[in-house]
Amino acid sequence: MASIAVQGRKKERITWEVPASVALHVLLALLIFLAQCGSCAGEPPLVNPDNVMRVSAVALPKQTGRLPDKPSRTPDNPVAAKEAPPEPVAEAPKGQADAAKPVPNASDMSLQKDEPRKGTTKDRTDAREALLNSARREALVKDPNAPLGDTDRPRTSPDGVSIDEAIFGPGGDGINDPELARWKVQAEEALRANWTPLPATVAGHPDYVVYLVVPVGPDGKLGKPQVYKGTGDSGFDRSAIMAVMKTGRVPPPPEKWRGSTTKGVVMEFPAGAKR
Amino acid sequence: MHSRIDRRRLLGGMLAGTAALALPRSGRAQDQTILLSIGSPGGNKTPLAVARPIGGASESAEFYEVVRRDLELSGWFRMIEEAAHIEPGGTGVKPGEFAFEDWDVPGAVGLGKIVLQPDGKGLRAEAWVYDVGGRRKLGAKAFTADASAWRSLAHKVAGEIVLRITGRPAPFASRFACAGSFSGNKEIYVVDFDGYGLTRITKNGSINLAPTWDPTGTRLAFTSYAAGNPDLYVADLSGGRITRLSARTGINSGAAWSPLGDRIALTMAPNGDPDVYTIDAKNGAVSTRVTKAAGIDSSPCWSPDGSKVAFVSERGGGAQIYVASADGSGARRVTFQGGHNVDPSWSPKGDRLAFVSRDGVFDVFTVRLDGTGLTRLTQGQGDNEDPSWSPDGEYVAFSSTRSGSSHIWMSTADGTHQVQLTTGKGGYTNPSWSPALTW
């Protein structure tokens, strides 16, 4: 490469590359000028405008955070999924599975640690969602038919009492197991058919509730009832005990709940209103 | 009503108190506490035992049967058969004179014990009522009557047992007025609640229809063709006298006494178009013309407070039930289903109307005053007509041909318990349930 020679004191000297570069630029400018003059003279364009796709620039939708997903198209045909079942994933040994996971390096960890917690877009969305959900719950308490959003519907009482009071939900004990629910309905029906408290007591004291604890065997056999909380009216409490004794046996409880039922099931006998 | 929050706390307490009750703490599914809520016992009949009367009266056996039948008819009880009683006959009726345990064995929840003994020329009955489970007396009451009125005495005793066990009065002491075709003609009769004690009121050999009680239970208004025209008559049951109250040209029928007994609503057609009028119950003078619309308006009945009248009108095409103020203003339609709804009867509670609808055969329904809550009481069992409410609003009586000839039947207001009250060859129509009677 040519260089600026320095001999004795500093002195700049023009070499042959400079005029060559100037000449090349001039030649390029001349060629461009000639090309423009050609198109102006009515020659066909290089690209037919009819074949050009017009694209409008639009703003991308903002990230909506954790708003409820709504189906936007018909779900895939489950039959198709059946035809091509996914390859079963072989469970890797613990050590291999751990090895397959990417190991976070020091910089990743420092980023997570140093990332500001307040004021991010995600946090603002979370706060907004929490506020919306709170409003939805309030609306549900006032109006059971209000839009649901992602509100936890089963935890909301259908008769409009507060969510705290409806904590047990329809099952009464917060256990959501369809098999257990079916057994409970059958057992309750069997017990109800044998419960005959004095009608005058029922009519006069609709607030009476007696709670019994009754072991239920794996075959559905009812054990000796214990009064957990009585009403003070021995006749009414006795009617609940008699209902258990007359019933004797209910359908066998679901297998996975037998450990619990054998230890004792809580039975609630509310007077309510008769006829 | 207990609150749910209390239940939650209670169940929480149960979970916390697992050591004492050997209940598991919540944790794995198998160790969670399960709650069964048995719900209201509505619909279950109360097991009731009634011991045979003691006291030595000769009417004891029949008296006992009348009491038992009344209690069965009420629909409240599952009567425990006498064969299941283990208490020896003749055991005392007062607390301490018998053992509650003897009534645990047959499964009695309620217990009735009766004393029936001669009292001079009459009879004295005592009803003692107990809560077997609670080991306590619910009440006791004594009644006296002439020996000839032993059936009435039995109805009183049965009513006392119902009152003490259910807390509600029973209609056993009431009667029905009805039109009966037992003698070839249609005459007016009065019969006891249980179908006994049939008494003829008219004997004119003509056609007598649609009797209705006045609020005191001492007079009956009815329509009779005795004079050739369907005229309105009033029978004074205490004096035995029958007077013609309205004999206007055309029909004078479908009478209903106002709650105060001072007016009678009825259908008349002095100018050819049947309309609902009210007349003075003493002299028959017209008080109000309730309906003026074109077409037939008929079959009035009063609301319990006397402020409104329900009636049948064809102003909308078919026969439908309407309600208007007693002066005729503000008429509005109540029934909308079916093309032929007739014979309204207003519940003493004021909340519902019983009526008859024709859907091939005639059936009895009830409906709220705003037209909602339509409830069918009868279906697929002959013709069921002429509904009439019990004085307490718990039952509806009607005539039914379900057993062949027409008899008086009774249903609970929800239709779940229906029984035939009258027996014999039949021919009972137009039953009208009396108010609670003292005679």
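Keep in mind that the numbers below use all heavy atoms, side chains included, and drop hydrogens, waters and symmetry copies. Keep in mind that this is a model prediction, so the values were computed, not measured. Letters go in sequence order (proteins before strands), and every chain restarts at 1.
Between B/R136 and A/D233 the shortest side-chain heavy-atom distance falls below 4.5 Å. Side-chain contact between A/V266 and B/I34 is absent, with no heavy atoms from C-beta onward closer than 4.5 Å. Looking at heavy atoms from C-beta onward, B/V109 lies out of side-chain contact with A/S239 at the 4.5 angstrom threshold. Between B/I38 and A/E268 there is no side-chain heavy-atom pair separated by less than 4.5 Å. Counting heavy atoms from C-beta on, the side chains of B/F77 and A/T196 never come closer than 4.5 Å.
Here the NZ-OG1 distance, from A/K263 to B/T33, works out to 9.5 Å after rounding to the nearest 0.5 Å. Taking CZ of A/R192 as the start and CG of B/L36 as the end, the distance is 10.5 Å to the nearest 0.5 Å. Atom CG in B/N44 sits 8.0 Å away from atom CG in A/N194 (nearest 0.5 Å). Atom CE of residue A/M267 and atom OG of residue B/S37 lie 11.5 Å apart, to the nearest 0.5 angstrom.
With a 6.0 Å radius and a threshold of 12 heavy atoms from other residues, nucleotides or ligands, A/R249 has its CZ atom above the threshold. Around NZ of B/K141, the count of heavy atoms belonging to other residues, nucleotides or ligands within 6.0 Å does not exceed 12.
A salt bridge is absent between A/R238 and B/D131: the closest approach of a Lys/Arg side-chain nitrogen to an acidic carboxylate oxygen does not fall below 4.0 angstrom.
For the pair A/A200 and B/G167, the tightest heavy-atom approach, listed with the atom from each and the gap, is CB-N, 3.8 Å.
Considering only heavy-atom pairs separated by less than 4.5 Å from chain B, the leading option among A/A187, A/A240, A/A193 is A/A193.
Neither the backbone nor the side chain of A/A243 comes within contact range of chain B; no heavy atom of the residue lies under 4.5 Å from a heavy atom of that chain. If you measure heavy-atom distances from B/R164 to chain A, the contacts under 4.5 Å come from the backbone alone. Heavy atoms of B/L138 lying under 4.5 Å from chain A belong exclusively to its side chain.
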